[in-house]
Amino acid sequence: MDYVSALVPPVVMAVLFIGVIRVMVKTQGGANKAKEDAAVDAAIAHGDGAPQASPKADA
């Protein structure tokens, strides 16, 4: 039965990995795509408009 205990962790990891990939593929696009794109655009616009601090030279 050692072979069963040796195979269980890789099989479980493979199943979980496949599940994660399926969720990622299913949630691409669809009804939430416009909302996600707007959130990313707003974050980029906020980042572009924010003043950047100049690095201080401690010499």
Side-chain angles (χ1 to χ4, degrees):
M1 294 304 285
D2 288 337
Y3 62 90
V4 173
S5 63
L7 289 176
V8 168
V11 170
V12 170
M13 292 292 286
V15 169
L16 291 176
F17 181 73
I18 291 169
V20 167
I21 297 300
R22 288 187 66 197
V23 167
M24 288 172 59
V25 168
K26 281 186 175 185
T27 58
Q28 296 296 313
N32 291 331
K33 184 171 178 19
K35 195 183 335 179
E36 291 172 0
D37 289 345
V40 169
D41 291 341
I44 290 173
H46 178 69
D48 288 343
Q52 296 184 359
S54 60
K56 295 180 182 178
D58 293 333

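Since the structure is predicted, the reported quantities are computational estimates derived from the model, not experimental observations. Numbers for residues simply follow the sequence, beginning at 1.
Closest approach of A6 and P10 over heavy atoms only: O-CD, 3.4 Å.
I44 pairs by the side chain to side chain contact (heavy atoms under 4.5 Å, CB included) definition with V40, D48, not counting sequence neighbours. Under the side chain to side chain donor-acceptor pair (under 3.5 Å) criterion, D2 pairs with no residue, sequence neighbours left out. Applying the side chain to side chain contact (heavy atoms under 4.5 Å, CB included) criterion to V4, with sequence neighbours excluded, gives M1, V8.
In the hydrophobic clustering (ILVMFWY side chains linked at under 4.5 Å, chained through shared members), L7 stands by itself.
When the side chains of ILVMFWY residues are joined at heavy-atom separations under 4.5 Å, either directly or via intervening members, V12 and V20 end up in two distinct hydrophobic clusters.
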